[in-house]
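Both ligands and their constituent atoms are indexed starting at 1 by order of listing.
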Amino acid sequence: MLRRVSSPSMLNQVAYGLNFVKAVSTEVLNPADAGILSKARSPAINFVLGGPGVGKGTQCTRIAEIYGFRHLSVGDLLRKEISSNSEYGDMILETITKGKIVSSEVTVKLLKSAIESGENDRFLIDGFPRSEENRVAYEQIIGIEPEVVLFFDCNEEEMMKRVLHRNQGRVDDNIDTTKERLRVFEAYSLPVIRYYSQKGKLHKINAIGTEDEIFERLRPIFAT
Ligand SMILES: Nc1ncnc2c1ncn2[C@@H]1O[C@H](COP(=O)(O)OP(=O)(O)OP(=O)(O)O)[C@@H](O)[C@H]1O
Ligand SMILES: O=c1ccn([C@@H]2O[C@H](COP(=O)(O)O)[C@@H](O)[C@H]2O)c(=O)[nH]1
Ligand SMILES: [Mg+2]
């Protein structure tokens, strides 16, 4: 079980020099909870990052099918919590509707149990970590270094256009929430992308073009 430690949020803000208060509900996980997954296994983790509507889910579906990964969209895990009326459902719905980031306490817990379930141990984690706070919580609780971090790069006009044409009935697919998601992406997710770039793990993908063209840019990364 994940537990909170007292007054952690200031520590986190000082440590990472970020103003979490505006966009993130901060939770820090007790170091006593640190550690790997409960089962004796060592999954291969890959992160897929990029702004709203850039095409992460579209390409993850294809990569997963062709190269045999399990695709875990953390946004989908959160939407399932809403539709299953979990204890976190109302909070998650409110956070997604506002375009903000759900606390790491919830997302890492959901991610951990999703990784632990099922047979396939090669994962594409889509849309996470979204902030440095997410990343640190992931490292404390799951702790498996990603092999590859993809960053789908695209201009904001195109991302807005793709979101508004998506037509899947998502509560956050509207102009105002998408503007906020773009702001949150720049403020909180870009530092994560810079972090993995500095570690030499980042593959920046030009996300402009047809779905087929983008998939061809991804093939060399996974076809090894
Ligand atoms: N290369 C592309 N060109 C044009 N439209 C695209 C392209 N790739 C995906 N789309 C469309 O853009 C929309 C958003 O794609 P997708 O859901 O894959 O994005 P996402 O990055 O997962 O977004 P989110 O972070 O909001 O979940 C979908 O309607 C999808 O069909
Ligand atoms: O790690 C995560 C992933 C998602 N969220 C929230 O969900 C929405 C939708 O996510 P998509 O990846 O676009 O499906 C996102 O805007 C956040 O509100 C999150 O908080 N943390
Ligand atoms: Mg998606």
Side-chain angles (χ1 to χ4, degrees), residues 20 23-27 45 47-65 71-83 88-112 114-115 123-138 141-142 150-189 192-193 205-218:
F20 287 124
V24 187
S25 164
T26 49
E27 307 283 352
I45 300 286
F47 290 143
V48 181
L49 305 176
V54 73
K56 301 179 295 296
T58 303
Q59 295 298 332
C60 281
T61 303
R62 294 181 72 160
I63 304 165
E65 193 183 321
H71 173 202
L72 279 182
S73 156
V74 175
D76 286 349
L77 295 179
L78 292 169
R79 284 182 283 273
K80 265 186 217 142
E81 288 293 291
I82 298 170
S83 55
Y88 304 121
D90 290 348
M91 175 278 289
I92 294 171
L93 177 59
E94 190 185 338
T95 309
I96 289 182
T97 304
K98 289 181 179 163
K100 308 225 184 263
I101 300 176
V102 174
S103 82
S104 299
E105 184 185 37
V106 171
T107 45
V108 175
K109 189 174 178 177
L110 291 174
L111 188 55
K112 182 170 181 272
I115 290 172
F123 292 93
L124 293 172
I125 311 290
D126 166 359
F128 178 93
R130 262 180 148 82
S131 66
E132 282 286 271
E133 192 239 4
N134 275 175
R135 182 184 65 73
V136 171
Y138 168 88
I141 301 303
I142 298 176
L150 297 180
F151 165 41
F152 287 89
D153 185 36
C154 182
N155 62 71
E156 293 196 351
E157 289 75 13
E158 179 65 20
M159 288 192 267
M160 179 66 85
K161 201 170 87 186
R162 291 181 189 179
V163 165
L164 297 180
H165 282 90
R166 180 155 43 189
N167 213 15
Q168 290 176 357
R170 278 177 51 164
V171 291
D172 51 350
D173 280 357
N174 58 71
I175 293 174
D176 287 346
T177 308
T178 305
K179 278 187 185 162
E180 177 61 8
R181 295 176 71 205
L182 288 165
R183 188 193 73 76
V184 166
F185 176 74
E186 193 176 325
Y188 295 93
S189 305
V192 179
I193 286 160
I205 307 296
N206 173 8
I208 297 289
T210 66
E211 290 178 22
D212 284 348
E213 284 167 346
I214 295 158
F215 186 64
E216 289 309 316
R217 292 170 199 155
L218 293 164

How far is [atom] from its nearest protein heavy atom, and which residue and atom name does that atom have?
{"atom": "atom 13 (O) of ligand 2", "answer": "Arg181 NH2, 2.5 Å"}
{"atom": "atom 1 (N) of ligand 1", "answer": "Gly209 O, 2.9 Å"}
{"atom": "atom 19 (C) of ligand 2", "answer": "Leu78 CD1, 3.5 Å"}
{"atom": "atom 25 (O) of ligand 1", "answer": "Lys56 NZ, 2.6 Å"}
{"atom": "atom 12 (O) of ligand 2", "answer": "Arg130 NH1, 3.1 Å"}
{"atom": "atom 9 (C) of ligand 1", "answer": "Thr58 OG1, 3.4 Å"}
{"atom": "atom 20 (O) of ligand 2", "answer": "Val102 N, 2.7 Å"}

Between [X] and [Y], is there a donor-acceptor pair closer than 3.5 Å when you use the side chain of the first and the backbone of the second?
{"X": "Lys179", "Y": "Asn174", "answer": "no"}
{"X": "Ser83", "Y": "Lys80", "answer": "yes"}
{"X": "Glu158", "Y": "Asn155", "answer": "no"}
{"X": "Lys56", "Y": "Gly50", "answer": "yes"}

Please check whether [X] reaches ligand 1 - meaning an N/O of the residue sits under 3.5 Å from an N/O of the ligand, judged on distance alone.
{"X": "Ala207", "value": "no"}
{"X": "Glu158", "value": "no"}
{"X": "Val54", "value": "yes"}
{"X": "Asp126", "value": "no"}
{"X": "Arg166", "value": "yes"}

Might you confirm whether atom CD of Glu216 has over 12 heavy atoms from other residues, nucleotides or ligands at distances under 6.0 Å?
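Yes.
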
Given that the side chain starts at C-beta and the backbone is N, CA, C, O, which of these parts of [X] lies under 4.0 Å from ligand 2, counting heavy atoms, or is it both or neither?
{"X": "Asp76", "answer": "neither"}
{"X": "Val184", "answer": "neither"}
{"X": "Lys100", "answer": "backbone"}

Quiz item: Where do Val192 and Tyr188 come nearest, in terms of heavy atoms and distance?
Solution: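 For Val192 versus Tyr188, the nearest heavy atoms are CG2-O, 3.7 Å.
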
Between Ile214 and Ile205, the two heavy atoms sitting closest are CG2-CG2, 4.2 Å

Reported [atom1]-to-[atom2] distance for the pair [X] and [Y], which is rounded to 0.5 angstrom:
{"X": "Thr177", "Y": "Leu182", "atom1": "OG1", "atom2": "CG", "answer": "11.0 Å"}
{"X": "Lys100", "Y": "Arg130", "atom1": "NZ", "atom2": "CZ", "answer": "13.0 Å"}
{"X": "Ile82", "Y": "Leu77", "atom1": "CD1", "atom2": "CG", "answer": "11.5 Å"}

Check your understanding: Arg170: heavy atom below 4.0 Å from ligand 2, yes or no?
Key ->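 Yes, Arg170 has a heavy atom closer than 4.0 Å to ligand 2.
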
Q) Is there a heavy atom of Arg79 sitting under 4.0 angstrom from any atom of ligand 2? A) yes

Does Gly50 have a heavy atom less than 4.0 Å from any atom of ligand 1? no

| Strictly under 4.0 Å, does any heavy atom of Gly53 approach an atom of ligand 1? | yes

- Are Glu132 and Arg135 within salt-bridge range, i.e. N to O under 4.0 Å?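 Between Arg135 and Glu132 there is a salt bridge, with a charged N closer than 4.0 Å to a carboxylate O.
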
Exercise. Take Glu94 and Lys98, measure what salt bridge (charged side-chain N to carboxylate O under 4.0 Å, His left out) needs, and give me the verdict at the end.
Key: CA-CA 6 Å; Glu94 190 185 338; Lys98 289 181 179 163; 2.9 Å; yes

Close-contact set for ligand 1 against [X] heavy atoms, below 4.0 Å:
{"X": "Ile214", "answer": "1 (N)"}
{"X": "Gly55", "answer": "15 (O), 16 (P), 18 (O), 19 (O), 20 (P), 21 (O)"}
{"X": "Gly57", "answer": "18 (O), 20 (P), 22 (O)"}
{"X": "Arg170", "answer": "24 (P), 26 (O), 27 (O)"}

Can you list the ligand 2 atoms lying under 4.0 Å from a non-hydrogen atom of [X]?
{"X": "Val74", "result": "1 (O), 2 (C), 3 (C)"}
{"X": "Ile96", "result": "6 (C), 7 (O), 8 (C), 18 (O)"}
{"X": "Ile101", "result": "20 (O)"}

Can you tell which of Asp172, Leu78, Val102 makes a side chain to side chain contact (heavy atoms under 4.5 Å, CB included) with Thr95?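 Only one option passes, and that is Val102.
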
With Arg181 as partner, the option from Asp176, Ile96, Asp173, Ile101 fulfilling side chain to side chain contact (heavy atoms under 4.5 Å, CB included) is Asp173

**Item:** Best match, Glu211, Arg181, Arg162: closest heavy atom to atom 3 (N) of ligand 1
**Value:**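 Checking each option, the heavy atom nearest atom 3 (N) of ligand 1 is found in Arg162.
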
